[in-house]
There are 2 protein chains.
Amino acid sequence: MLHDKLTLRDKKKEATAAALAETAFELALEHGLDGFIVDDVVKKAGYSRRTFANYFSCKEEAVAAGAVTVKNEEEYTALLFASLPPDTTPLDMLYRLMTMQLTKDFLLKLRRFVSLAKGYPTLEPYSLSILHRLQMAAQQLLAEFAGERYPAEYTHLLAGAVYGAFVPVLDGSMNVLLPGEEPGDQTDAITFEQYLNSTFAYLRNGF
Amino acid sequence: MLHDKLTLRDKKKEATAAALAETAFELALEHGLDGFIVDDVVKKAGYSRRTFANYFSCKEEAVAAGAVTVKNEEEYTALLFASLPPDTTPLDMLYRLMTMQLTKDFLLKLRRFVSLAKGYPTLEPYSLSILHRLQMAAQQLLAEFAGERYPAEYTHLLAGAVYGAFVPVLDGSMNVLLPGEEPGDQTDAITFEQYLNSTFAYLRNGF
DNA sequence: GTGCAATGATGCACAATGTGCAAAGTTTAC
DNA sequence: GTAAACTTTGCACATTGTGCATCATTGCAC
């Protein structure tokens, strides 16, 4: 595991990017994607348009980045390694990781992004790439945690299947009730926890 | 199944979009994504810039659309319904569908797009959305073919896991040899067929 | 701490892209 | 055949993207 020490310069860069991304996401939620322009973002965040372009290649990218902050992987690593016996299977490890990654807060922000994206076709490709970032982080952790016990073909394939199983939740094919959401009139909705558990049951025992 | 009859107007629209998309993809392969501008595309294809904007919201979208043509779903439907016994499981049906969708030609074009996208960050989000289009088509077919025998929660989850398992092939996490490609110096590469089969074996029997 | 190298932030000019609107050309439906 | 519906296009203009030079800040060696 690379423990890249964060220099002051790096921290400032991260802060700049985060400020711009969060501001972009806020404006998108408040006014819609076409209800503001990049100049609004940089003015509100206190940067120049040129700086925005140094970090994001378009408005969409910034909004997507602001929707979810993929947490520091090192944090997860420490937690995972501490809480799991060394002979834990990759599947069990992913289950544990997902319960950490997919916090209530994360899921709700993600859902807000996804429903925003429904109204703006240019935003849609980014929904999947958010999930993909999580998947990449998971692959990395799997490799560290189980790389010596399981071949990469296995762990990568597994990670793909696990995260792929959540795509239908993202793209709206399935009505899944996130933690904290009320059932409302959706009689056929299942809870996210139920979906998570049945996903792993299928993956564990076969479809 | 909706048999939307294709009127002449619809066919022309499709032709316009296809011509623009294919031209964009060709130019991207030949000169790189930043080696041409939208005006080059429309000039070569014989349309106006304004028409381009009627179909695609940016260059990237057109290039991605040109990379793969998701075949007519009706064609698949007919083939599937004809070749499978009515009690076929969704998993078996997806296996059959994938061998039809993921033709050698399709895979090679997809790979060309993906390696192009590696060099251009703005293109990357579209890689996943190509696979996602296939997944949506598969969900539709599954619903028609097995919707009365299996609940949507099952078929959607399954489709997600199946297509998700191919993400590592797309994003470059895995070295998979496409049909027709030479092994070269990649001693650790497995063939696409092997990957397909081991994927379905894991999904069938559990990880 | 001082000074120099490395790098981030910015302004500017210009190229490229995105969009509303109205006119002109096609297709559809009756 | 004709009118309605729709596609394509031109135009004007708003917005976005990019190369480059410069200034400000940080990193590093001493």
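Below, chains carry the letters A, B, ... as their sequence lines are ordered, and counting in each starts from 1.
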Exercise. Do the ring planes of A:Phe200 and A:Tyr95 sit parallel (below 30°), tilted (30 to 60°) or perpendicular (above 60°)?
Worked result: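 Because their plane-to-plane angle is over 60°, the rings of A:Phe200 and A:Tyr95 count as perpendicular.
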Exercise. So A:Tyr154 and A:Tyr150, would you call those rings parallel, tilted or perpendicular, with 30° and 60° as cut-offs?
Worked result: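 Judged by the thresholds at 30° and 60°, the geometry between A:Tyr154 and A:Tyr150 is parallel.
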Measure from [atom1] on [X] to [atom2] on [N] and round the result to the nearest Å.
{"X": "B:Lys11", "N": "C:dT26", "atom1": "NZ", "atom2": "P", "answer": "18 Å"}
{"X": "A:Lys59", "N": "D:dA14", "atom1": "NZ", "atom2": "C1'", "answer": "11 Å"}
{"X": "B:Glu61", "N": "C:dT17", "atom1": "CD", "atom2": "C1'", "answer": "14 Å"}

For this session: Check whether any side-chain N or O of A:Arg149 sits under 3.5 Å from a backbone N or O of A:Thr89 as a donor-acceptor pair, and report yes or no.
Result: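 Checked: no pair found.
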Exercise. Can you tell me if A:Lys118 uses its side chain to pair, donor with acceptor, with the backbone of A:Asp171 under 3.5 Å?
Worked result: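 Answer holds: yes.
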Exercise. For the atom pair CG (A:Leu107) and CG (A:Leu177), what is the distance rounded to the nearest 0.5 Å?
Worked result: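 These two atoms lie 11.5 Å from each other.
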Problem set entry | Point-to-point distance, once rounded to the nearest 0.5 Å, from OH of A:Tyr126 to CZ of A:Arg133 |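 One gets 11.5 Å once the value is rounded to the nearest 0.5 Å.
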Exercise. Would you say the side-chain atoms of A:Gln139 and B:Ser173 include a donor-acceptor pair closer than 3.5 Å?
Worked result: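 On atom types as modelled, these side chains qualify, holding a pair under 3.5 Å.
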Exercise. Hey, can you pull the residues of residues 25-45 of chain B with a non-hydrogen atom under 4.0 angstrom from DNA chain C?
Worked result: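 B:Ile37, B:Val38 - these, ordered by number, are the residues of the stretch whose heavy atoms sit under 4.0 Å from the strand.
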Exercise. Considering residues at least two apart in sequence or located in another chain, which fulfil the side chain to side chain contact (heavy atoms under 4.5 Å, CB included) criterion with B:Lys104?
Worked result: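 Side chain to side chain contact (heavy atoms under 4.5 Å, CB included) check on B:Lys104 returns B:Leu108, B:Pro179.
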Exercise. Who passes side chain to side chain contact (heavy atoms under 4.5 Å, CB included) against A:Asp40, sequence neighbours left out?
Worked result: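 Result, side chain to side chain contact (heavy atoms under 4.5 Å, CB included) vs A:Asp40: A:Leu27, A:Phe36, A:Ile37.
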For this session: Please round to 10 degrees the angle between the axis of the first five pairs and the axis of the last five pairs in the helix from C:dG1-D:dC30 to C:dC30-D:dG1.
Result: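 Comparing the axis at each end, I get an angle of 50°.
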For this session: Using a 4.0 Å cut-off on protein heavy atoms (strictly under), produce a 5'-to-3' string for nucleotides 5-12 of chain C with B for base contact, S for backbone-only sugar-phosphate contact, and - for none.
Result: -BSSSBBB
Exercise. Looking at residues at least two apart in the chain, or sitting in another chain, which of them share a side-chain hydrogen bond (donor to acceptor under 3.5 Å, both in side chains) with A:Asn54?
Worked result: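 Counting only residues at least two positions away or on another chain, A:Asn54 forms a side-chain hydrogen bond (donor to acceptor under 3.5 Å, both in side chains) with A:Arg50.
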